[in-house]
Structures are given as C-alpha cells and as structure tokens.
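Computed over heavy atoms, backbone and side chain alike; hydrogens, waters and symmetry mates excluded. So that the names make sense, note that chain A is the first sequence line, chain B the second, and so on, each numbered from 1.
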Protein chains: 2
Amino acid sequence: MIQCSILTIGDEICIGQIVNTNAAWIAAHCSEIGCEVIAHSIVGDDSEEIKSELKRLSQISDYVFLTGGLGPTHDDVTKKVLCEYFNDSYIWHEPTLLWLQDFYARRGRPLTERNKLQAFLPSVCEVLSNERGTAPGMLFQKDGTIVVSMPGVPREMMYIMEQHIFPRIEQHFFLQHQTRNMYRTLMTIGVAESDLADMIGDVSKFLDPHSSLAFLPSYSGVRLRIGAHDVHTDKAIEILNSLEKILRQKAGKFIYGSDNISIEKTVAQLLTERGETVSVAESCTGGKIGAAFTDLSGSSAYFIGGVLAYSNTVKVQELGVKSEEIEQYGAVSEEVARSMSQGVRHKLQTDYGIAATGVAGPDGGSDEKPVGTVWIALSTPSTTITKRYIFGNDRAANRDRTVGAAFDMLYRYLKSRNDDNSGN
Amino acid sequence: MIQCSILTIGDEICIGQIVNTNAAWIAAHCSEIGCEVIAHSIVGDDSEEIKSELKRLSQISDYVFLTGGLGPTHDDVTKKVLCEYFNDSYIWHEPTLLWLQDFYARRGRPLTERNKLQAFLPSVCEVLSNERGTAPGMLFQKDGTIVVSMPGVPREMMYIMEQHIFPRIEQHFFLQHQTRNMYRTLMTIGVAESDLADMIGDVSKFLDPHSSLAFLPSYSGVRLRIGAHDVHTDKAIEILNSLEKILRQKAGKFIYGSDNISIEKTVAQLLTERGETVSVAESCTGGKIGAAFTDLSGSSAYFIGGVLAYSNTVKVQELGVKSEEIEQYGAVSEEVARSMSQGVRHKLQTDYGIAATGVAGPDGGSDEKPVGTVWIALSTPSTTITKRYIFGNDRAANRDRTVGAAFDMLYRYLKSRNDDNSGN
C-alpha cells in the first residue's frame with residue numbers, strides 16, 4: 001500500500017479563517033486512485049513547527065503533500081524551510097525564469113525582483129511546472145519518502161497534482177505491483193442510522209481485514225461507504241461487488257443510489273425521465289424545498305414554482321385551505337398539509353404538489369404538537385399521501401430534515417410508479 | 001495565552017469525503033474569544049493513531065478538541081480509545097440515560113440496546129450534555145491539559161462548544177488573569193473590498209504590534225475584523241474601541257452592525273421595529289430569499305409569504321407580469337422584476353415586495369445577458385426600486401449573491417426611512 005499524508009501550512013487555515021478544502025481535495029483524489037491517506041496536519045507559518053511536522057509525517061508516509069507558504073511575501077516561509085530541512089542551497093532555475101518572463105510579458109506587467117525570486121529554487125529538488133501561476137511545485141526525495149511542496153491556491157495545487165503527481169503514483173502502483181484501497185458509497189434515505197445498523201446486523205460475518213463498512217449520517221440520509229483494502233485492483237472490485245450485494249439484500253429498499261449522488265439529483269432524474277412537473281407549498285421551510293430543487297441546473301424542466309404560505313392568510317387565499325380546517329385542526333395538521341399540496345398542484349397545474357407545515361421552533365410548540373412536529377403531503381394525479389414527523393428542538397435542523405423528508409416522499413412515490421411500470 | 005489544538009477523527013474526513021468544516025469553526029471561534037490555535041490534525045478511525053496524536057497535541061496545548069467517532073456503530077472508536085488512554089472504566093451515566101429515554105420517547109421510537117450504549121461512559125470524564133443529539137460530550141483533565149471529545153455532527157459539536165466550553169474558557173481567562181487576543185467584527189454591505197481598503201487608507205498609521213485589521217469578504221458583504229493581541233482584557237477592549245472609532249469615521253456609512261450580526265437579522269430587526277411586512281417573488285433564487293427570511297425564529301411577525309415563479313407561466317398567472325413584457329424585454333429584465341415585486345406586494349398585501357430574476361447559469365446566457373445577470377426589484381408603498389447586477393459564472397455563488405443583494409436593497413431602504421424619520 002502506498003501511504004500518504006498532507007501538511008497544510010498557513011496561519012489563515014490554522015485560525016479557521018479559511019476552510020481547508022485543499023486537504024479534502026488531495027485526500028479524496030489520492031483515496032480514489034487507491035492510496036491510503038493516513039494523516040493530515042495543519043500548522044501556522046512557523047519554521048520550527050513546519051520542520052517538526054514534516055519530520056513526523058515523513059517517517060510514516062511514502063508521500064507527504066505540502067500546500068501553502070510559497071507566495072512572494074515575508075510571511076511565506078515554506079521554501080526556506082525545505083531548503084534547510086534538506087540541507088540544500090539555492091540555484092537559479094532557468095526554465096522557471098523563462099516561464100516567469102513569459103507569464104508577466106503576456107499580462108503586460110514587469111517582472112520585478114520580488115517575483116523573479118520564484119525561480120530561485122533548492123538545487124536538489126525536481127521542479128514541477130505550474131502553468132496556472134508563478135510558484136512552481138518542488139519534489140524532494142529522502143529515505144524513501146517523496147515530499148511534494150505546492151502553492152496553496154487550489155487550482156495551482158490541482159494542476160500540479162494532476163499533471164505531475166497522479167501519473168507518478170499510477171506508475172508506482174504499476175511498477176511495484178502494489179496493492180491498493182478502493183471505495184464505493186451506497187446512498188440511503190428514510191431510515192435512521194441505528195435502524196440501518198440493526199438491519200445489517202453483525203458486520204463481522206461479512207467483513208474481514210481487507211474490507212470495511214462505514215455509516216455516514218446526514219440530514220438527508222445515511223451513506224454506507226464500503227471499502228476494499230490493501231489488495232490488487234481486480235480483487236478490490238470483486239470485494240466491493242460482493243459487499244454491495246450483501247447490503248442490497250439487507251437494506252436494499254432504502255438504497256437509492258451510489259457514489260454520492262444526492263436525493264435531489266435522483267428525484268430530478270426521475271422527474272425528467274417521466275416528463276413530469278412539480279410545485280411546492282411551503283410553510284415552515286419558507287422556500288428551502290424550492291431552493292433545493294433549483295440548486296440544480298436544468299431544474300426548469302420539472303420545477304414550475306410554488307407558494308410560500310408562511311402566514312395562514314396566504315394558506316387560505318392562495319392555496320384554498322379552508323379557514324375552518326385551520327381553526328379545527330391547526331395550521332400544523334394533516335388536513336392543512338393535504339389541502340396545501342392539492343392547492344398548489346391545481347393552481348400551478350403540475351403533476352405533483354409537495355407541502356410542508358410544521359413547528360420549526362424554538363417557540364410555538366404545545367403538548368399536542370411539540371417543536372419539531374412536521375406534516376408533509378404529496379398530492380399526485382391519483383392520490384394524496386401525508387406523513388407526520390417529529391424531529392428535534394433545533395430550528396435549522398428541523399427545516400433541513402423537513403426538506404430531506406419531502407424529497408424522500410417524492411422519491412418513494414416516483415420509484416414505486418417506475419417499479420409498477422417495469423412490472424407490467 | 002491559552003493554546004488549543006484540534007484533532008478530527010474519522011476515515012471520511014481523512015480520505016476527503018467530507019470537508020473539515022468542524023475544525024475551521026472551532027478554530028475561528030477559539031481565535032475569536034482569544035485563544036491561540038496552534039495545530040490541527042486529522043486521523044482515521046484507528047485507535048493507535050488517535051492515541052499517538054492525542055498524546056502529541058496534549059503535550060503542546062491547554063485544550064485539545066476532538067470531534068467524531070462517537071456514533072452508535074462499530075466504526076466509532078473514540079470513546080473506547082479515550083477510556084484506554086485515561087486508564088478508565090465505564091459506568092452507566094444516569095442523567096444521559098434519562099435524556100435518551102426522553103429523546104426516543106418524544107420521537108415515538110424505542111430505545112434500543114445499541115442506542116442505550118450512548119449512556120455507558122468513562123467514569124472520570126465530566127459529561128457535557130448535548131441537547132441536539134444522543135452522544136454527549138466528554139471532558140477529561142490530565143497533566144494540566146483539558147481534552148474535550150464531541151460528536152462530529154456540526155450542530156451537536158457547536159452546541160457543546162457554545163454551552164459548555166466557551167464559558168469555561170472565559171472563566172479560565174478571568175481566573176488566571178491571562179493575556180489574550182480579542183476580536184471584534186464590523187459588518188459592511190454594498191461596498192467592494194478594494195474600495196473599502198482605499199477608504200481606510202494606510203493602516204500602519206493606526207496599527208501597532210498589539211492591534212490588527214483584516215478584510216474578510218463574503219457574498220453578503222465585507223467584514224472588517226479588528227484585533228487586540230496578547231494584552232489583558234481591559235486593554236484589549238480599549239484597543240478595540242479605539243480601532244472601531246477610527247473605522248467608523250472612515251467607512252461608517254457602509255457599516256451596518258458588529259460581531260457577525262447578519263444582514264438578514266438586521267433587516268428583521270428594522271422590520272419588527274417598524275411593524276412592517278414583506279413578501280417575495282423569486283425566479284432564479286427559487287426560494288432562497290424566503291428561506292433566508294425564515295431562518296430566523298420570529299420571522300412570522302414580518303414575513304408573510306411569497307410566490308416562487310420559476311416558470312414564466314407562474315410569473316404571468318400569479319404575479320400579473322404581462323406576457324408582452326416577457327416577450328419584449330425577456331424574463332430577466334428590469335420590467336419583469338418590477339412587475340414581479342409589485343405583483344407579490346399587492347397579492348399578499350404586504351408593505352414591501354422583493355423580486356429577483358436572473359440567469360443563474362451555467363447555461364442560458366447570451367451576449368446581451370450573460371450568465372450572472374440578475375435584476376432585483378423592491379416595491380414599497382411609495383415607489384419601486386430596481387437594480388441590475390452582473391455576477392460571475394458559478395450558479396451557486398450567483399444565487400447566494402442575489403440573496404445578499406436583495407437584503408442589501410431592503411436594508412438601505414429601511415435605513416434611509418429611519419434616518420428620515422429621526423431627522424424630523
């Protein structure tokens with residue numbers, strides 16, 4: 001197995017001003033091609049801390065990827081640290097100098113002395129060209145470990161990884177006939193993590209040291225990530241196929257897709273395939289269901305619009321909810337949710353109408369309808385489905401879970417229609 | 001100075017399937033209250049690696065914050081690791097057991113044996129209640145270092161930090177009379193970062209080694225973060241007051257609030273004070289403006305509802321936009337935005353109507369109206385204001401910037417009305 005680690009350098013990352021998307025990108029891509037990512041670390045722009053972490057990570061990794069600290073200002077120290085760490089001295093690197101002259105000439109800007117210093121590089125490193133910026137990557141080798149230093153600008157780092165590093169790692173696998181990891185993710189919806197775990201049962205019956213299963217929960221469902229570890233490519237695919245088969249036998253009815261496809265995207269595909277349209281009537285979500293539909297480009301093919309009926313007046317005037325229904329059952333009720341979904345479906349002449357009304361919190365709950373109580377309704381050409389949920393105390397979470405539940409309801413209906421048709 | 005570090009646990013973070021937003025949040029908030037964040041580290045769900053990193057970080061930190069690995073399934077190992085690391089054994093923690101019984105009862109779900117295990121906790125830890133989930137936080141103390149373990153679900157981690165940890169750190173500063181960093185953030189809207197920088201001018205004239213100023217741009221405006229560094233609390237407040245005074249003199253008319261108050265919250269306060277109401281007519285944002293209004297609890301006082309007019313049919317039928325307007329000017333035009341805002345204001349009988357129509361992208365642009373073109377309109381009792389924006393190529397960013405611009409427009413109008421009144 002090829003093992004790698006990631007060392008991110010920069011005060012702005014350390015104090016949380018910037019989220020470390022570079023490390024996630026490198027880790028995801030290294031994992032995808034089969035390396036094991038064993039550690040990430042972040043340190044500020046401090047020479048001693050950088051050296052200490054570089055030493056620690058070098059001892060446990062085949063590759064250490066460094067990002068950040070290669071800019072032209074006083075607080076960028078990475079190059080100096082690497083030169084000291086590898087007991088090296090600087091030389092002028094001619095190809096980089098030519099690149100810089102060209103880079104600035106094309107932009108009509110002068111090549112200043114400060115900018116020229118990007119070509120003053122440690123003599124032992126292999127220089128990795130960076131066609132998206134002025135700081136090249138640097139590759140060092142010592143005691144069997146490869147240390148790669150890259151700029152922190154995401155698209156420059158990505159260029160260097162894609163052009164120089166991933167091909168080298170593929171070669172590394174090939175030449176050394178190395179084993180690897182491989183992953184697949186199965187997406188579930190409409191089932192709690194613990195219920196899913198009970199359904200799947202004792203994992204030791206089907207896992208061994210070369211296979212794994214992880215549960216990754218979110219508000220829109222639990223992802224099941226299966227893994228094959230430290231095996232050759234053919235064997236890895238065989239393991240993943242076998243694990244997927246087992247999980248589909250145990251929990252197949254909750255699995256809606258694989259490899260991180262969202263439930264929104266899945267519903268969008270089903271609606272597009274069927275040439276059908278949808279509208280929304282939102283109370284407690286205030287627009288979040290519509291926002292989720294329209295996050296996807298191309299959503300105008302199936303998403304027509306909706307009514308945000310936050311006040312009861314709007315529910316009555318725009319959606320045809322009867323005042324007596326609200327008086328008798330309350331605005332958060334099966335009856336009102338049903339009328340809202342039917343009302344918006346008729347008003348906007350869509351195939352489906354989805355409605356949500358609930359007590360998002362933190363106030364407004366009662367003994368009968370505590371905070372977190374939500375009614376969701378789906379009106380279709382033939383019927384109206386309703387379901388009550390009782391979520392928690394947190395307003396934002398309740399709203400997010402309502403969106404997830406609304407997509408779950410529509411997904412199940414569309415899926416059952418597709419299954420009916422394919423059965424005929 | 002109190003020093004802290006962050007240890008994130010989980011294969012899904014290590015392999016880059018999830019971006020580590022938890023670490024950024026903790027780092028940002030710890031920095032804000034005055035701690036120095038000195039290191040972050042991520043390891044997979046591996047007992048030995050967790051212990052080794054916990055040991056390393058404990059040696060250099062006053063606080064080590066762990067997130068992740070507290071779920072109910074087999075791949076969650078953090079609790080076991082901590083129990084071993086602190087040479088501890090488990091006990092049944094009664095308050096947590098009662099909380100779990102209540103938690104599941106309220107949801108009408110059974111408390112399974114697996115879920116009950118969340119109350120089986122190391123005996124020496126201080127249990128930190130988690131009202132947003134089933135896994136409590138755990139606080140350990142050893143050799144002067146405090147180790148806090150929290151669930152990886154962001155809202156649950158945030159609850160524990162806000163309820164239990166930040167107050168404790170404040171006490172720590174107070175009792176030990178430590179020097180600290182302290183920050184304040186002034187929120188601006190409606191001005192570009194570079195224009196703001198020109199307005200503020202040469203910062204060396206008012207900054208010294210114990211003070212700082214950072215520009216933090218986002219889609220809804222630029223935040224100015226002023227800082228006082230390595231001084232006692234009284235002195236820190238004095239430095240911040242003096243910096244705030246200088247910045248308000250230079251750029252006061254763009255500053256709408258301080259300390260991360262959102263423009264949405266500011267607008268909500270103004271509407272509530274004035275006893276006025278608002279409705280929305282959304283095309284390209286598909287519900288995001290309504291969602292932003294209703295993110296705030298209490299929004300029913302001023303947010304009445306709206307129409308999601310994603311298709312042109314809805315714009316015509318529900319908002320009274322004339323078909324000829326769409327034919328002549330296009331759906332993305334000043335005329336259509338104006339009609340949408342007036343239409344929703346009249347239909348829902350609100351004081352204000354806000355409309356947005358635009359080319360969110362990635363497709364649908366033309367030479368005349370490139371991707372990123374957005375018209376926003378605000379209809380008021382006396383007038384209708386319109387404004388065109390040309391944002392960029394990214395769909396999600398364009399939608400977020402449209403929401404920010406809509407709130408900016410309403411904020412300015414409400415502010416000018418308040419200023420008029422106070423001047424009379």
K.L.:
Quick one: what part of A/S31 sits under 4.5 Å from any heavy atom of chain B, side chain, backbone, both or neither?
P.N.:
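Contact with chain B involves the side chain of A/S31 alone.
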K.L.:
Is a donor from one side chain sitting under 3.5 angstrom from an acceptor on the other, for A/T185 and B/Q17?
P.N.:
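The answer is yes; a qualifying pair exists.
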K.L.:
For chain B, which candidate among A/V280, A/N181, A/T313, A/L213 shows the most heavy-atom pairs at distances under 4.5 Å?
P.N.:
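Highest number of pairs under 4.5 Å: A/L213.
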K.L.:
Below 4.5 Å from any heavy atom of chain A, which atoms of B/I289 appear? Answer side chain, backbone, both or neither.
P.N.:
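Nothing of B/I289, per the 4.5 Å heavy-atom cut-off to chain A.
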K.L.:
When you check the gap from the basic side-chain N to the acidic O, do A/K347 and B/E318 get nearer than 4.0 Å?
P.N.:
yes
K.L.:
Checking heavy atoms, do the side chain of A/S297, its backbone, both or neither come under 4.5 Å from chain B?
P.N.:
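Contact with chain B is through both the backbone and side chain of A/S297.
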K.L.:
CZ of A/F391 to CZ of B/R107: how many Å apart, nearest 0.5 Å?
P.N.:
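A/F391 atom CZ to B/R107 atom CZ measures 9.5 Å (nearest 0.5 Å).
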K.L.:
With a 4.5 Å cut-off on heavy-atom pairs, point out which of B/E53, B/K288, B/E282, B/E49 contacts chain A the most.
P.N.:
B/E53
K.L.:
Is chain B contacted by the side chain of A/A192, its backbone, both, or neither, given a heavy-atom distance below 4.5 Å?
P.N.:
side chain
K.L.:
Using non-hydrogen atoms only, which part of B/Q349 is less than 4.5 Å away from chain A: side chain, backbone, both, or neither?
P.N.:
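Just the side chain, heavy atoms under 4.5 Å.
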K.L.:
As an exercise: rank B/Q317, B/R106, B/E131 by heavy-atom pairs under 4.5 Å with chain A and give me the winner.
P.N.:
B/R106
K.L.:
Tell me which of these, B/R109, B/R132, B/R225, B/R399, has more heavy-atom pairs under 4.5 Å with chain A than the rest.
P.N.:
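Most heavy-atom pairs under 4.5 Å with chain A: B/R399.
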K.L.:
So, do A/R223 and B/I18 sit near enough that their side-chain heavy atoms are less than 4.5 Å apart?
P.N.:
yes
K.L.:
Give the member of B/G71, B/G10, B/S299 that has the highest number of heavy-atom pairs under 4.5 Å with chain A.
P.N.:
B/S299
K.L.:
Please identify, among A/L216, A/I60, A/N20, the residue contributing the most non-hydrogen atom pairs under 4.5 Å to chain B.
P.N.:
A/L216
K.L.:
A/I13 versus chain B, heavy atoms under 4.5 Å apart: side chain, backbone, both or neither?
P.N.:
backbone
K.L.:
Given a strict heavy-atom distance threshold of 4.5 Å, which part of A/V203 is in contact with chain B: side chain, backbone, both, or neither?
P.N.:
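The side chain, not the backbone.
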K.L.:
Between A/I15 and chain B, with a heavy-atom cut-off of 4.5 Å, which part of the residue counts as in contact: side chain, backbone, both or neither?
P.N.:
both
K.L.:
Against chain A, work out which of B/L296, B/D363, B/T285, B/I26 has the most heavy-atom pairs shorter than 4.5 Å and name it.
P.N.:
B/L296
K.L.:
Identify which part of A/Y183 has an atom lying under 4.5 Å from any heavy atom of chain B, answering side chain, backbone, both or neither.
P.N.:
side chain
K.L.:
Any side-chain to backbone donor/acceptor pair from B/H40 onto A/V43? Under 3.5 Å, distance only.
P.N.:
no
K.L.:
Check step by step if salt bridge (charged side-chain N to carboxylate O under 4.0 Å, His left out) holds for B/R155 and A/D400.
P.N.:
CA-CA 12 Å; B/R155 285 176 206 294; A/D400 286 342; 2.9 Å; yes
K.L.:
CD1 of B/I42 to OG1 of A/T8: how many Å apart, nearest 0.5 Å?
P.N.:
7.5 Å
K.L.:
Would you please test A/R395 and B/D295 for salt bridge (charged side-chain N to carboxylate O under 4.0 Å, His left out) and show each step?
P.N.:
CA-CA 8 Å; A/R395 179 178 181 86; B/D295 270 344; over 6 Å; no
K.L.:
Could you tell me which of A/A309, A/G44, A/A396 has the largest number of non-hydrogen atom pairs under 4.5 Å with chain B?
P.N.:
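Heavy-atom pair counts peak at A/A396.
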K.L.:
Would A/Y310 and B/S300 count as having a side-chain donor-acceptor pair, cut-off 3.5 Å?
P.N.:
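On atom types as modelled, these side chains do not qualify, holding no pair under 3.5 Å.
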K.L.:
Would you call A/D198 and B/R114 a side-chain contact if the rule is heavy atoms closer than 4.5 Å?
P.N.:
yes
K.L.:
Strictly less than 4.5 Å between heavy atoms, which residues of residues 301-308 of chain A line up against chain B? Please order them by number.
P.N.:
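Result: A/F303, A/I304, A/G305, A/G306, A/V307, A/L308.
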K.L.:
Are the side chains of A/S194 and B/E113 in contact, using a 4.5 Å heavy-atom criterion?
P.N.:
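Sidechains of A/S194 and B/E113: no contact.
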K.L.:
Should we say atom CZ of A/R184 is surrounded by more than 12 heavy atoms from elsewhere, each under 6.0 Å from it?
P.N.:
yes
K.L.:
Which heavy atom in B/C14 sits nearest to a heavy atom in A/A39, and how many Å separate them?
P.N.:
SG-N, 4.1 Å
K.L.:
How about A/T21 and B/V19: do any of their side-chain heavy atoms sit closer than 4.5 Å?
P.N.:
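Yes, at least one pair of side-chain atoms sits under 4.5 Å.
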K.L.:
How long is the span from the CG atom in B/L348 to the OG atom in A/S311, to the nearest 0.5 Å?
P.N.:
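Answer rounded to 0.5 Å: 7.5 Å.
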K.L.:
Can you find a pair of side-chain heavy atoms, one from A/R56 and one from B/S52, that are under 4.5 Å apart?
P.N.:
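The answer is no, as the side chains (C-beta and beyond) never meet within the 4.5 Å cut-off.
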